[in-house]
Amino acid sequence: MVSFLTALVVVLTPLTLLNLTLLFAVIRRLRAAEAPTGPRPDHLDTLPVPKAGDLVAPFRAQTLDGTAVTDLDLGPADILMCLMPGCDPCKTQLAAVRATTPDRLLLLVFGISEEDPAALTLATSVHDLGRVLITSIDGPIGRALGGVGAFPTFLRVADGAIAAVAGTWAEIAATEPTAVGR
């Protein structure tokens with residue numbers, strides 16, 4: 001009987017230690033996923049967004065009012081705000097933008113497609129803030145910027161390259177509109 005109990009302890013001890021190790025790993029992963037965000041949104045560190053210094057590929061699109069916009073139209077004073085319908089952080093940042101009424105804002109509303117009704121509703125609600133383009137994530141503007149997968153994302157473009165990337169209006173507004181060169 002003693003030998004049976006000894007064998008049972010020998011088998012169960014490593015299994016228990018393995019179980020505890022896996023449990024702590026799962027707890028650590030859950031805590032990291034649920035960690036509160038600080039003043040800077042963590043989505044810029046974990047989701048695909050353009051990086052400062054990335055070149056903007058050529059593109060041509062039309063705003064809601066029919067004005068053509070190309071990559072060559074973007075200057076260092078322009079700020080691009082990438083939005084998505086149903087995005088609560090986007091609504092918060094839109095309130096911050098409305099409080100400051102920026103001069104040169106290009107709002108990029110990313111929808112399922114260019115005809116997405118939710119994207120059109122969002123685009124028409126923000127048309128008073130600046131020029132508005134509706135695009136899909138895999139559309140020409142998303143590809144030209146190198147892929148935008150986090151919302152909201154703010155970009156400052158200068159000389160055909162991304163000069164600054166931010167997750168909040170306060171961060172991008174604090175950046176200087178300077179050229180970065182090609």
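No experiment lies behind these values; they were computed from the predicted model shown. We count residues from 1, following the sequence as given.
- Without hydrogens or angle criteria, R156 side chain to I172 main chain gives a donor-acceptor distance under 3.5 Å.
- Pairing each heavy atom of V109 with each of A119, the nearest pair is CG1-O, 3.6 Å.
- Listed by first then second residue, pairs satisfying salt bridge (Lys or Arg N to Asp or Glu O under 4.0 Å) with a partner in residues 10-23 number zero, not counting sequence neighbours.
- Evaluation of the salt bridge (charged side-chain N to carboxylate O under 4.0 Å, His left out) rule for D116 yields no partner, not counting sequence neighbours.
- Closest of all the heavy-atom pairs between P85 and L122 is N-CD2, 3.7 Å.
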Donor-acceptor contacts, no H, no angles, side chain residues 133-149, under 3.5 Å, sequence neighbours left out:
from: S136; atom 1: OG; to: D138; atom 2: OD1; distance (Å): 3.1
from: S136; atom 1: OG; to: G139; atom 2: N; distance (Å): 3.2
from: R143; atom 1: NH1; to: D138; atom 2: O; distance (Å): 2.3

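- How far CD1 of I162 is from CG of L155: 5.0 Å, rounded to the nearest 0.5 Å.
- Rounding to the nearest 0.5 Å places CE of M1 at 10.5 Å from OG1 of T6.
- Counting only residues at least two apart or in different chains, ring pair (Phe, Tyr, Trp, His ring centres under 6.0 Å) contacts with residues 80-118 comprise F110-F151.
- A 4.5 Å side-chain heavy-atom check between M81 and I79 finds every atom pair outside the cut-off.
- Annotation: side chain to side chain contact (heavy atoms under 4.5 Å, CB included) contacts of T100 (sequence neighbours excluded): P102, W169.
- For D65, there are no salt bridge (charged side-chain N to carboxylate O under 4.0 Å, His left out) partners, not counting sequence neighbours.
- Among residue pairs with one or both ends in residues 91-102, those qualifying as salt bridge (Lys or Arg N to Asp or Glu O under 4.0 Å) are D88-K91, R98-D128; sequence neighbours excluded.
- The distance from atom CG of D71 to atom CZ of R60, rounded to the nearest 0.5 Å, is 10.5 Å.
- For the pair V69 and R131, the tightest heavy-atom approach, listed with the atom from each and the gap, is CG2-NH1, 4.1 Å.
- In terms of modelled atom types and a separation under 3.5 Å, the side chain of E171 and the main chain of G167 share a donor-acceptor contact.
- With sequence neighbours left out, R104 forms a salt bridge (charged side-chain N to carboxylate O under 4.0 Å, His left out) with D78.
- The minimum heavy-atom distance between A164 and T175, with the atom names listed, is CB-CG2, 3.9 Å.
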Using distance only, find each side-chain donor-acceptor pair of residues 7-26 under 3.5 Å and give its atom names and separation, not counting sequence neighbours.
from: T13; atom 1: OG1; to: V9; atom 2: O; distance (Å): 2.7
from: T16; atom 1: OG1; to: L12; atom 2: O; distance (Å): 2.8
from: T21; atom 1: OG1; to: L17; atom 2: O; distance (Å): 2.8

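- Considering only residues two or more places apart in sequence or on other chains, T124 meets the side chain to side chain contact (heavy atoms under 4.5 Å, CB included) condition with L64, L120.
- The stretch residues 145-155 participates, sequence neighbours left out, in no salt bridge (Lys or Arg N to Asp or Glu O under 4.0 Å) pair at all.
- Taking all atoms of both residues into account, the shortest heavy-atom contact from V49 to K51 is O-NZ, 3.3 Å.
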Intermediate values then yes/no, side-chain contact (heavy atoms from CB on, under 4.5 Å), L129 and L94:
CA-CA 9 Å; L129 294 173; L94 277 169; 3.8 Å; yes
Can I27 and R29 be said to form a side-chain contact (heavy atoms from CB on, under 4.5 Å), step by step?
CA-CA 5 Å; I27 290 171; R29 171 110 10 145; over 6 Å; no
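- Listed by first and then second residue, the ring pair (Phe, Tyr, Trp, His ring centres under 6.0 Å) pairs that reach into residues 78-105 come to none, sequence neighbours excluded.
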